[in-house]
Amino acid sequence: VLATEVAPSSITIADPNLLLREHVREGLSRPFKALSSMYFYDDEGSRLFQQIMALPEYYPTRTEFALFSRHRAAIARALRPQNPAEPFFLLELGAGDGLKTKILLRELLEAGADFTYVPVDISAAALDGLARSLQAELPALRVEPVVADYADALGLMAARPGRKAVLFLGSNIGNFSPEDRQQFLQRLAGPLTPDDRLLIGFDLQKDPRVIRAAYDDSQGVTAAFNYNLLHRINRELGADFDLAHWQHYTDYNPLTGAVRSFLASTRAQTVHFAEPGWSVDFRAWEMIHTENSFKFTRPAIEGIAQEAGLQVAEFFTDEQDYFADVLLRK
Ligand code: AVI
């Protein structure tokens, strides 16, 4: 199975680093410097994220996996059409390695559902690995992988006629700012019909120490994941970030539910870019905000759904109420 590449938006890109360069230029000229976590996921970043998911402190992945095992039959029932002969697309945004999705795919195949699995991910390497493992483990499955970012995936979905069940798992929803999240959900909900279904993974608020440890693990893998953004910028934009003078810093605010990750400049320094005349000054302990990972409550999720024109049809949780996979519909 070959992954289909979708060119970002409708721009013709002669320079493959154009989007990153424009993003970095804009983000590092703000009064509070910021870069999007979307750029974490080059091939090395995706590999590091696979490592994060296996860390003892990083509870979301194994919790959602346990949740899927616990509710596999009910989730499959909720996503597939009532009429078992009706074909549908199972689209997964940000599919990654698809580990927990395989539980659902197996359940649907065993129940004789007629569906095509469309995993969408920004990393071609992650998607190729997934396609290969699916071919080996579930040879009867119809798979159509697509390499695309979320914006393109939304366009792709709107253009694909037929009944859809859309998966957006792993608390990827938590990585949006509240404004971007609402915009994304509205665009996602727009083309859905009342027959379509949406399953979104939300990480729930819990002991703040548990949350904080998940984003500052003892082996330093999350730090390496954050630093990889600077390695990427050095490589792709010819910058000279000296990693000896940057630190990974994370905080969790239990009042807002926001985990925020930063790269802290440990001294005053100037970073140069390949483009002539482009450099950026950093004060000692100035931060680059690199990621949000929001944690939610059930009432907040209901409010978020309502604002996007969606209703909560079912709310699946694990034994500890750490994580929720929420079934939404129009
Ligand atoms: C992909 N996303 C849901 C992860 C999260 O938990 O926000 C990314 C991550 N960042 C640090 N650790 C994991």
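Read the numbers this way: they start at 1 and go in the same order the structure lists the ligands and their atoms. Note that the structure is predicted; figures quoted are calculated from it, not measured.
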- Item | Contacting atoms of ligand 1, where contact means under 4.0 angstrom from a heavy atom of Asn172 | 1 (C), 2 (N), 3 (C)
- Query: Which of the numbered atoms in ligand 1 are below 4.0 angstrom from a heavy atom of Tyr58?
  - Reply: 4 (C), 5 (C), 6 (O), 12 (N), 13 (C)
- Message: Checking contacts here: is it the side chain or the backbone of Tyr41 that comes within 4.0 Å of ligand 1, counting heavy atoms only? Could be both or neither.
- Response: side chain
- Message: With a 4.0 Å cut-off on heavy atoms, is Gly174 in contact with ligand 1?
- Response: no
- Message: Using a 6.0 Å distance limit plus a 45 degree cone around the ring axis, check whether Lys164 lies over the aromatic ring of Phe88.
- Response: no
- Query: Do Asp240 and Asn234 pass the side chain to side chain donor-acceptor pair (under 3.5 Å) test, and can you show the C-alpha distance, the side-chain angles, and the key distance before you say yes or no?
  - Reply: CA-CA 6 Å; Asp240 61 358; Asn234 280 350; over 6 Å; no
- Distance from atom 2 (N) of ligand 1 to nearest protein heavy atom, with residue and atom: Asn175 OD1, 2.9 Å
- Message: Distance under 4.0 Å to a non-hydrogen atom of Glu291: what atoms of ligand 1 satisfy this?
- Response: 7 (O), 8 (C), 9 (C), 10 (N), 11 (C)
- Check each heavy atom of Asp203 against ligand 1 and say whether those closer than 4.0 Å belong to the side chain, the backbone, both or neither. neither
- Note on the structure: Near Phe225 (heavy-atom distance under 4.0 Å), the atoms of ligand 1 are 9 (C), 10 (N), 11 (C)
- Query: What do you reckon, does Asn292 have a nitrogen or oxygen under 3.5 Å from a nitrogen or oxygen of ligand 1?
  - Reply: no
- ligand 1 and Tyr215, any nitrogen or oxygen pair closer than 3.5 angstrom? yes
- Query: Under 4.0 Å from any heavy atom of Gly170, which atoms of ligand 1 are there?
  - Reply: 3 (C)
- Query: How about Tyr117 and Glu144: does a side-chain donor come under 3.5 Å of a side-chain acceptor?
  - Reply: no
- Message: Show, in sequence, the C-alpha distance, side-chain angles and deciding distance for Lys206 and Asp321, and conclude whether the salt bridge (Lys or Arg N to Asp or Glu O under 4.0 Å) test is met.
- Response: CA-CA 8 Å; Lys206 59 187 69 61; Asp321 277 342; over 6 Å; no
- State, without any angle test, whether Ser261 and Asn226 hold a side-chain donor-acceptor pair at a distance under 3.5 Å. no
- Message: Under 4.0 Å from a heavy atom of Ser293: which atoms of ligand 1 are those, numbered in the order shown and with their elements?
- Response: 5 (C), 7 (O)
- Item | Test item: side-chain donor near acceptor, Thr222 and Asp217, under 3.5 Å | yes
- Task: Decide, yes or no, whether a salt bridge links Glu275 with Arg21 under the criterion of side-chain N to carboxylate O below 4.0 Å.
- Result: yes
- Task: Would you mind listing which atoms of ligand 1 come within a distance below 4.0 Å of any non-hydrogen atom of Thr222?
- Result: 11 (C)
- Message: So is Phe40 touching ligand 1 or not, going by heavy atoms under 4.0 Å?
- Response: no
- Query: Just checking, is any N or O donor in the side chain of Gln320 or Thr63 under 3.5 Å from an acceptor N or O on the other one?
  - Reply: no
- Item | Contacting atoms of ligand 1, where contact means under 4.0 angstrom from a heavy atom of Ser171 | 3 (C)
- Before giving the answer on salt bridge (Lys or Arg N to Asp or Glu O under 4.0 Å), spell out for Arg106 and Glu110 the whole-Å C-alpha distance, their side-chain angles and the decisive distance to 0.1 Å. CA-CA 6 Å; Arg106 217 168 255 128; Glu110 279 166 17; 5.6 Å; no
- Item | Full working for ring pair (Phe, Tyr, Trp, His ring centres under 6.0 Å) between Tyr227 and Trp246 | CA-CA 8 Å; Tyr227 297 143; Trp246 290 88; 9.1 Å; no
